[in-house]
Amino acid sequence: MDNILVTGGAGFIGSHTVVELLNAGYGVVVIDNLVNSSMESLERVKKITGKSVKFYQADLLNMEALQNIFEEENISSVIHFAGLKAVGESCKIPLAYFNNNITGTINLLMAMEKYNVKSLVFSSSATVYGKPESVPISEDFPLSVSNPYGRTKLIIEDMLRDIYKADTSWNIALLRYFNPIGAHESGEIGENPNGIPNNLLPYVSKVAIGELEAVNVFGNDYDTPDGTGVRDYIHVVDLAEGHIKALEKLTSNPGLVTYNLGTGTGYSVLEIIHNFEKACGKKIPYKITERRPGDIDMCYANPEKAKKELGWEAKRDIDKMCEDAWRWQSKYPKGF
Ligand code: NAD
Ligand code: UD1
């Protein structure tokens with residue numbers, strides 16, 4: 001059987017995508033060095049689907065280990081999630097981010113080329129749009145980045161565009177995620193950040209469970225309806241389904257394609273807090289603090305291209321995102 005290689009498959013988005021791949025009947029091979037995840041996530045995937053994956057605990061920086069996988073497994077396509085993703089940390093240790101994310105990707109691409117596997121789905125981010133001139137954001141908007149994490153995404157996108165130009169036998173889907181949140185509805189897998197979360201939803205969730213005191217709302221003087229930042233939150237299972245659609249698309253030989261994966265609807269920080277209160281049935285204390293440097297007012301997708309060309313659109317609303325995130329948080333307060 002042909003297998004899909006999922007790099008970073010033990011992580012948040014990776015594990016949810018592995019569930020959807022297994023449910024759709026694909027064979028799955030995962031490579032992950034577990035730097036930001038636990039093997040337990042793949043045990044839970046097995047619990048959810050009744051199917052297991054072939055797991056290699058290895059680093060993309062280890063070329064030999066990578067080649068061994070292509071040697072051993074019959075890989076037809078790769079979904080590439082593996083990477084470091086903390087914006088603040090990337091400003092402190094940019095070189096580590098460049099090495100892990102960019103060198104790791106170059107190794108992967110070299111192994112793919114060597115074994116003639118030229119079908120790739122890449123995890124990009126809405127961060128490549130920088131500070132957009134207007135919303136909603138379409139795929140043809142100008143690209144710019146303001147931190148080393150974002151730079152790794154843009155550099156990898158640029159590399160992939162060059163590789164495709166030089167060899168049009170590649171099929172590549174660049175998926176630009178907006179803000180993935182939520183968890184599998186079983187409550188068995190979800191986001192499992194180390195230490196104090198940087199992102200809003202996991203922070204709100206930790207306040208709800210009583211591990212943190214109050215949400216710091218980073219500024220209420222933005223040019224938005226209630227003054228707090230507006231983002232396009234998308235249920236991680238909708239996102240996972242988008243990857244299956246992208247993989248199907250690649251079999252039609254489309255060349256290099258780029259899609260926003262978002263809902264098209266923005267919610268403010270306060271709206272998120274209030275929705276989460278509804279989901280968990282508790283009051284969530286918050287205080288207004290300074291703006292976080294580098295944050296923008298509003299960011300939400302124009303998701304029409306993915307709808308038209310992939311036949312994909314997000315189906316789960318903000319209530320469902322908060323309910324599922326809370327189910328995971330309350331079932332496993334300490335994560336994996
Ligand atoms: P995650 O940290 O949960 O998953 C990434 C996985 O990659 C982890 O399991 C980690 O152990 C693994 N990994 C990292 N470096 C590796 C290496 N060198 N070799 C092998 N494995 C390695 O993060 P996630 O939220 O699931 O994100 C997945 C991808 O999506 C990342 O590339 C991220 O940049 C991108 N993305 C995430 C978001 C988000 O908000 N979560 C938004 C846009 C884009
Ligand atoms: C962050 C990353 C971005 C990445 C995206 C998806 C930064 C600066 N940007 O974007 O590169 O692509 O995640 O993973 O980290 N907020 C609070 N209090 C908090 C946390 C967040 O008020 O404790 C606000 C933020 O100001 C923002 C919104 O909540 O308005 C969402 O923040 P966050 O979850 O960190 O995502 P982004 O900033 O959109």
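Counting starts at 1 for both ligands and their atoms, in listed order.
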Do any N/O atoms on [X] end up under 3.5 angstrom from N/O atoms on ligand 1?
X: Asp32; result: yes
X: Tyr177; result: no
X: Leu60; result: yes
X: Leu84; result: no
X: Val35; result: yes
X: Pro180; result: no

Next item on the list: Tell me, yes or no, whether the heavy-atom count around Asp223 atom CG, taken from other residues, nucleotides or ligands under 6.0 Å, exceeds 12.
Entry: no
Item checked: Exceeds 12 heavy-atom contacts within 6.0 angstrom, atom CD of Glu213 ->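 Atom CD in Glu213 is not crowded, with 12 or fewer foreign heavy atoms closer than 6.0 Å.
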Item checked: Per-residue contact class, Lys85 against ligand 2 - non-hydrogen pairs under 4.0 Å -> neither
Margin query: Check whether Glu191 reaches the backbone of Ile181 with its side chain - one donor and one acceptor, N or O, closer than 3.5 Å.
Written below: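 Looks like no, no N/O pair under 3.5 Å.
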Checklist line | Leu84 and Tyr149: CA distance, side-chain angles, deciding distance, side-chain contact (heavy atoms from CB on, under 4.5 Å) verdict | finding: CA-CA 8 Å; Leu84 299 174; Tyr149 163 71; over 6 Å; no
Is there at least one pair of N or O atoms, one from [X] and one from ligand 2, spaced under 3.5 Å apart?
X: Ser125; value: yes
X: Leu201; value: no
X: Tyr149; value: no
X: Asn179; value: yes
X: Pro180; value: no

Note to self: Taking only non-hydrogen atoms of Tyr233, do any sit less than 4.0 angstrom from ligand 2?
What the structure shows: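 Yes, that is the case, since the closest heavy atom of the residue is under 4.0 Å from the ligand.
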Check: So which heavy atom in the protein is nearest atom 29 (O) of ligand 2, and how far is it from that ligand atom?
Finding: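 Of the protein heavy atoms, Val269 CG2, 3.5 Å lies nearest.
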Check: atom 25 (C) of ligand 2: which protein heavy atom is closest, and how many Å away?
Finding: Asp295 OD2, 3.4 Å
Check: Are Arg151 and Phe98 in a cation-pi contact, defined as NZ or CZ under 6.0 Å from the six-membered ring centre and within 45° of the axis?
Finding: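 No, Arg151 does not lie over the aromatic ring of Phe98.
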Note to self: Can you tell me how the ring of Tyr286 sits relative to the ring of His274, calling it parallel under 30°, perpendicular over 60° and tilted otherwise?
What the structure shows: perpendicular
Item checked: Element-labelled atoms of ligand 1 that are located less than 4.0 Å from some non-hydrogen atom of Asn36 -> 1 (P), 2 (O), 10 (C), 11 (O)
